[in-house]
Trainee: 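Got a structure for you, questions after.
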There are 2 protein chains.
Amino acid sequence: MGVTVTSRALDLLGAFDGEHRSLSLTDLARRADLPLATAHRLVGELHRWGALAREPSGEYVIGRRIWQLGLLAPVQSGLRQAASPFLHDLYGATLATVHLAVRDGIEVLYVERLAGHVSVPVVSRVGSRLPMHCTGVGKVLMAHAPEEVRAECLRQLTRVTAYTVTQPARLLDQLRRVRAEGYATTGEEMSLGACSVAVPVRNGADVVAALGIVVPDLRRQLPRLVSALQVAAHGISRTLASVQWK
Amino acid sequence: MGVTVTSRALDLLGAFDGEHRSLSLTDLARRADLPLATAHRLVGELHRWGALAREPSGEYVIGRRIWQLGLLAPVQSGLRQAASPFLHDLYGATLATVHLAVRDGIEVLYVERLAGHVSVPVVSRVGSRLPMHCTGVGKVLMAHAPEEVRAECLRQLTRVTAYTVTQPARLLDQLRRVRAEGYATTGEEMSLGACSVAVPVRNGADVVAALGIVVPDLRRQLPRLVSALQVAAHGISRTLASVQWK
DNA sequence: AAAATTCTTCCACTGGACGGAAGGGGGCCG
DNA sequence: CGGCCCCCTTCCGTCCAGTGGAAGAATTTT
């Protein structure tokens with residue numbers, strides 16, 4: 001059941017990613033591993049429907065219709081909208097890069113990112129994924145994930161910087177503290193010069209997301225940042241509860 | 001050439017909209033006008049790929065993968081990212097609901113919306129469309145649209161409130177002034193109690209988007225608002241030019 | 001417990017999908 | 001200018017994946 005028409009069309013869409021935002025017909029055919037004639041027909045249909053658009057150059061890009069559909073996804077319409085005003089407040093209070101993320105499998109999926117004109121160099125982009133063990137939001141989500149997910153993560157603690165925690169025991173110890181104290185921190189574990197603090201966002205009893213900020217250094221004002229984060233997280237949680245999200 | 005497999009799969013996705021964010025299999029089949037067995041198979045494939053997700057209730061919703069794809073669309077990745085910091089500045093300076101919109105056919109497509117905790121009642125949502133003749137951003141986009149688009153719009157000047165401009169001649173006159181003065185205004189033409197000001201966002205010589213704000217009343221501080229808008233629009237234009245968007 | 005509704009699986013027929021091949025168009029180089 | 005290369009588009013006979021009626025399972029309602 002591997003080669004259905006639908007799966008081919010979807011594979012064409014899947015040919016696009018962060019590094020390949022516009023592709024020629026030939027590129028699409030190559031990346032989806034389809035004969036040119038077949039790709040031509042399918043791409044034509046996708047284009048007619050609005051899933052793909054054509055740049056002046058002739059290359060194809062993801063169309064507005066897909067973008068509009070994406071806005072209907074639950075991450076977007078529920079969580080993001082509930083969080084939006086609180087994220088702005090948080091940014092205003094801290095002037096740090098603000099992140100909202102959810103867990104997707106064993107990775108962190110960034111749902112929203114809010115940064116000013118200048119900011120600490122950060123790798124995350126909205127819609128991108130990162131491993132959980134070396135980011136603030138990731139530690140929060142991992143700490144509150146089901147046991148089997150945590151176990152799976154521990155199996156691949158890849159080293160990113162010299163400060164990345166790669167010993168399972170040590171990470172588990174940190175996660176225990178995250179649950180106990182209600183917030184997680186990292187210090188240059190993902191990229192040098194960037195530290196982070198994060199707190200869980202709840203919907204009822206469940207942890208549905210994590211809210212975090214990235215700063216150059218957090219020795220001095222950690223208590224203030226944690227309290228600002230918790231105020232925002234509580235606000236989001238309350239909004240989620242009131243709209244009965246999910 | 002109306003009934004291809006791909007078009008059916010796409011129609012299933014198209015069954016979702018602002019009012020129907022989650023649908024049961026039966027609903028999907030009904031809305032896409034497909035036999036249940038066929039819908040079942042196609043939905044299964046879409047689900048397997050990640051285009052659809054399943055709620056705890058068993059209903060289907062747009063999946064994260066579509067959301068991620070949407071983030072790659074040019075509106076999103078180019079325009080929105082370039083605009084983001086300036087929109088926050090603008091919100092900070094005016095505390096009004098801020099809108100960024102592009103033209104899509106003969107309608108206004110809202111690309112970004114930024115509102116505080118409380119705000120003037122506004123109908124727009126990100127990803128939604130509205131007619132051009134009765135919104136601030138719409139008038140800006142219409143004023144700078146190709147002649148044939150303008151003509152097409154004039155053919156359907158639907159009345160929304162008692163203040164909506166429905167006489168072609170009068171609207172054309174307003175548009176001429178928009179081009180001359182560099183900004184457009186509306187007064188309760190879309191919804192009562194809401195006025196708006198908007199300015200064009202350029203990329204080189206082309207008007208690629210419109211930036212607008214909605215306020216309860218604009219008699220008093222119009223000059224200040226226009227200048228704040230223009231500062232932001234220039235900032236966005238400069239950013240677009242520097243990243244060679246499109 | 002019966003009835004109604006929704007979801008899932010099955011399978012034989014058939015019409016839409018397939019893709020090799022050939023034909024256009026534009027850009028680059030010798 | 002002509003030859004070459006690359007990319008896009010169209011065509012058409014073959015064939016297999018898609019189709020959908022029907023039956024059955026699962027769930028909810030009456």
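The sequence lines fix the lettering, A, B, ..., with proteins before strands; numbering per chain opens at 1. In this text the structure is predicted, and so the values were computed from the model without any measurement.
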Trainee: Just how far, in rounded Å, is C1' of D:dT19 from CG of B:L34?
Mentor: 11 Å
Trainee: Would you say B:T38 places a side-chain N or O within less than 4.0 Å of OP1 or OP2 belonging to D:dG20?
Mentor: yes
Trainee: So, the side chain of B:R31 versus the backbone of B:A15: is there a donor-acceptor pair under 3.5 Å, distance only?
Mentor: yes
Trainee: How would you list, by chain and number, every residue that makes a side-chain contact (heavy atoms from CB on, under 4.5 Å) with B:S84, sequence neighbours excluded?
Mentor: B:H88
Trainee: Between A:R8 and A:T38, do the side chains contain a donor N or O and an acceptor N or O under 3.5 Å apart?
Mentor: no
Trainee: Starting at atom CG of B:D11, determine the distance to atom P of D:dG18, rounded to an integer number of angstrom.
Mentor: 17 Å
Trainee: Does a nitrogen or oxygen in the side chain of A:R8 sit under 4.0 Å from OP1 or OP2 of D:dA17?
Mentor: no
Trainee: Only pairs at least two apart or in different chains count here, so list each salt bridge (Lys or Arg N to Asp or Glu O under 4.0 Å) that has a residue in residues 140-158 of chain B.
Mentor: B:E147-B:R150, B:E152-B:R155
Trainee: Take atom CG of B:L42 and atom P of C:dT9, then tell me their distance rounded to the nearest Å.
Mentor: 15 Å
Trainee: Do the side chains of A:R30 and A:D27 get close enough for a salt bridge, i.e. N-O under 4.0 angstrom?
Mentor: yes
Trainee: With B:D206, which residues qualify under side-chain contact (heavy atoms from CB on, under 4.5 Å), at least two apart?
Mentor: B:V208
Trainee: Just how far, in rounded Å, is P of C:dT5 from CG of B:L23?
Mentor: 19 Å
Trainee: Starting from C1' on D:dG18, measure out to CG on B:L46 and report it in whole angstrom.
Mentor: 15 Å
Trainee: Mind checking side-chain contact (heavy atoms from CB on, under 4.5 Å) for A:P168 and listing every partner two or more places apart, or none if nothing turns up?
Mentor: A:L154, A:L157
Trainee: When you check every protein heavy atom under 4.0 Å of nucleotides 5-14 of chain D, what one-letter string (B, S, -) results, 5' to 3'?
Mentor: --SBBB----
Trainee: List the atom of B:P146, the atom of B:R103, and the distance in Å for their closest heavy-atom pair.
Mentor: CD-NH2, 3.5 Å
Trainee: Between the opening five pairs and the closing five pairs of the helix from C:dA1-D:dT30 to C:dG30-D:dC1, how far apart are the helix axes, to 10°?
Mentor: 40°
